[in-house]
Protein chains: 2
Amino acid sequence: MNKQKRKSLERKGWKLGSAEEFLGLSKEESAYIELKMKLSANLKKLRSEKKLTQIELAKVIKSSQSRVAKLETGDPSVSLDLIIRSLLALGTSNKDIARAISS
Amino acid sequence: MNKQKRKSLERKGWKLGSAEEFLGLSKEESAYIELKMKLSANLKKLRSEKKLTQIELAKVIKSSQSRVAKLETGDPSVSLDLIIRSLLALGTSNKDIARAISS
DNA sequence: TGACAATATGTCATATCTGACATATATTTA
DNA sequence: TAAATATATGTCAGATATGACATATTGTCA
């Protein structure tokens, strides 16, 4: 992960820890963030393919427009659980989720 | 999902909702539970391959023995986030996680 | 351009997950 | 077998994620 990317993540509120910690943990940490980002992007893509608004998707997953926006923009307050539940609610199979992670 | 399996999950505290809801949501719900189960099983396998005790793994992921036990037994109080973070901490790659989900 | 629809951002009370602890129940080893 | 080690289960105060709301920003189309 380059400096710019890191800065961008930090602006969004990702806590990347001190320099040492960052270096020490970067592998897991960045893999985790990358995973979330990939699945978020997938969700956004899927929603737009289905021509749903964020409000409509929110109803499907019993959440709110603002949370859907956060889901899609990779807000750090959003859990993997919610991202994956949302994907499943849109009919994504476990195999498709695996594909998204591998891509 | 058969009745027996469902009973087993309910005993563990999974909230599967009323009969109607259960029928209505089973696809997403069971896919989600299945996902967690698969990754939990993977974590357990990985730890035993590395010959770590739960206490040792707990130190690695900065948690406790009891939470590791819950992670591995599919306790409903455990989030996907924690399962995946733990896998990553043990050196599992995103691709391997994808493989585990697909299997 | 302006009005309208869609998306993003900030905040907060409540719900859910967390590590930690105690303790119960296996499982191993002497 | 008993003692030691490992794992499972129950509980809870504190931490984090949640839906909901207000409001800001962006995009679209007349």
Side-chain angles (χ1 to χ4, degrees), chain A residues 8-17 25 28-29 32-33 35-37 39-90, chain B residues 8-17 25 28-29 32-33 35-37 39-90:
Chain A
S8 155
L9 289 170
E10 282 176 338
R11 240 181 284 114
K12 292 199 162 191
W14 292 102
K15 292 213 195 82
L16 297 182
L25 298 174
E28 300 141 50
E29 235 176 336
Y32 174 71
I33 294 173
L35 201 67
K36 279 176 99 168
M37 296 303 198
L39 293 173
S40 288
N42 216 255
L43 179 64
K44 186 165 192 167
K45 185 165 162 283
L46 199 58
R47 177 178 65 83
S48 90
E49 279 170 10
K50 300 212 170 198
K51 312 240 187 242
L52 297 174
T53 65
Q54 290 185 342
I55 291 180
E56 288 167 332
L57 174 54
K59 266 181 198 145
V60 173
I61 65 173
K62 286 160 190 161
S63 181
S64 60
Q65 179 272 322
S66 57
R67 189 129 306 267
V68 172
K70 288 178 191 16
L71 270 164
E72 293 183 350
T73 54
D75 190 288
S77 81
V78 171
S79 70
L80 253 178
D81 288 68
L82 187 60
I83 300 173
I84 286 184
R85 276 179 181 283
S86 302
L87 285 169
L88 294 174
L90 283 181
Chain B
S8 155
L9 289 170
E10 282 176 337
R11 242 182 283 113
K12 291 199 163 195
W14 293 101
K15 290 211 197 82
L16 297 182
L25 298 174
E28 300 142 52
E29 235 177 336
Y32 174 70
I33 295 173
L35 201 69
K36 279 175 98 168
M37 294 303 197
L39 293 173
S40 289
N42 215 256
L43 180 64
K44 185 165 193 167
K45 186 165 162 283
L46 199 58
R47 177 179 65 82
S48 91
E49 279 170 9
K50 298 210 170 199
K51 312 237 187 245
L52 297 172
T53 66
Q54 291 186 341
I55 291 179
E56 289 166 332
L57 174 54
K59 266 180 197 148
V60 173
I61 66 173
K62 285 161 190 161
S63 181
S64 60
Q65 179 272 323
S66 58
R67 189 130 303 268
V68 171
K70 289 179 200 349
L71 271 164
E72 293 183 349
T73 54
D75 189 288
S77 81
V78 171
S79 70
L80 252 179
D81 289 69
L82 187 60
I83 301 174
I84 286 185
R85 276 179 181 284
S86 303
L87 285 169
L88 294 174
L90 283 181

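All chains are named by letter (A, B, ...) in the order of the sequence lines, taking the proteins before the strands, and each is independently numbered beginning at 1. All values reported here derive from a predicted model rather than from experimental measurement.
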| said: Just the rounded figure in Å: distance from P of dA20(D) to NZ of K59(A). | reply: 11 Å
| field | Nucleotide nearest K44(B) when distance is taken to its side chain, options dA8(C), dT11(D), dA8(D) | value | dA8(D)
| field | N or O in side chain of T53(B) less than 4.0 angstrom from dA6(D) OP1/OP2 | value | no
| task | Rounded off to whole Å, could you give me the CG-to-C1' distance for the D75(A) and dT9(C) pair? | result | 9 Å
| query | Expressed in angstrom and rounded to an integer, what is the separation of Q54(A) atom CD from dA24(D) atom P? | reply | 18 Å
| request: Give one of base, sugar-phosphate or nothing for L82(A), where a contact means two heavy atoms less than 4.0 Å apart. | output: sugar-phosphate
| query | Is there a donor-acceptor contact under 3.5 Å from the side chain of S48(B) to the main chain of K51(B)? | reply | no
| query | Which one, dT9(C), dG19(C), dT7(C), comes nearest to the side chain of R67(B)? | reply | dG19(C)
| task | Select from Q65(B) and S77(B) the residue whose nearest nucleotide in DNA chain C is closer to the 5' end of that strand. | result | S77(B)
| task | Using atom types as modelled and distance alone, determine if a side-chain donor or acceptor of S63(B) lies under 3.5 Å from a backbone N or O of A58(B). | result | no
| Please give, in whole Å, the distance from dT16(C) P to L80(B) CG? | 16 Å
| Where is the tightest heavy-atom contact between Q54(B) and E72(B), given as atom of each residue plus distance? | NE2-OE1, 3.2 Å
| field | Out of dT18(C), dA17(D), dT9(D), whichever nucleotide has its closest atom nearest the side chain of V78(B) | value | dT18(C)
| note | Among dT9(D), dA8(D), dT7(C), the one nearest any side-chain atom of K70(B) is dT9(D)
| query | Once you round it to whole Å, what is the distance between C1' of dC21(C) and CD1 of I55(B)? | reply | 13 Å
| task | Tell me which nucleotide among dT7(C), dT18(C), dA8(D) gets nearest to the side chain of E72(B). | result | dA8(D)
| request: Measure from CD1 on I83(A) to P on dG19(D) and round the result to the nearest Å. | output: 12 Å
| query | Looking at the side chain of S64(A), which of dA8(C), dG19(D), dT9(D) is the nearest nucleotide? | reply | dG19(D)
| task | To the nearest Å, give me how far apart NZ (K36(B)) and C1' (dT16(C)) are. | result | 11 Å
| said: Side chain of T73(A), heavy atoms from C-beta onward: which of dT9(D), dT9(C), dG19(C) has the nearest atom to it? | reply: dT9(C)
| query | Regarding S77(A) and D75(A), is there a side-chain donor-to-acceptor distance under 3.5 Å anywhere? | reply | yes
| query | Rounded to the nearest Å, what distance is computed from the CG atom of residue D81(B) to the P atom of nucleotide dT18(C)? | reply | 7 Å
| task | Before giving the answer on side chain to side chain contact (heavy atoms under 4.5 Å, CB included), spell out for R47(B) and E56(B) the whole-Å C-alpha distance, their side-chain angles and the decisive distance to 0.1 Å. | result | CA-CA 9 Å; R47(B) 177 179 65 82; E56(B) 289 166 332; over 6 Å; no
| Nucleotide nearest S66(B) when distance is taken to its side chain, options dA20(C), dA8(C), dG10(C) | dA20(C)
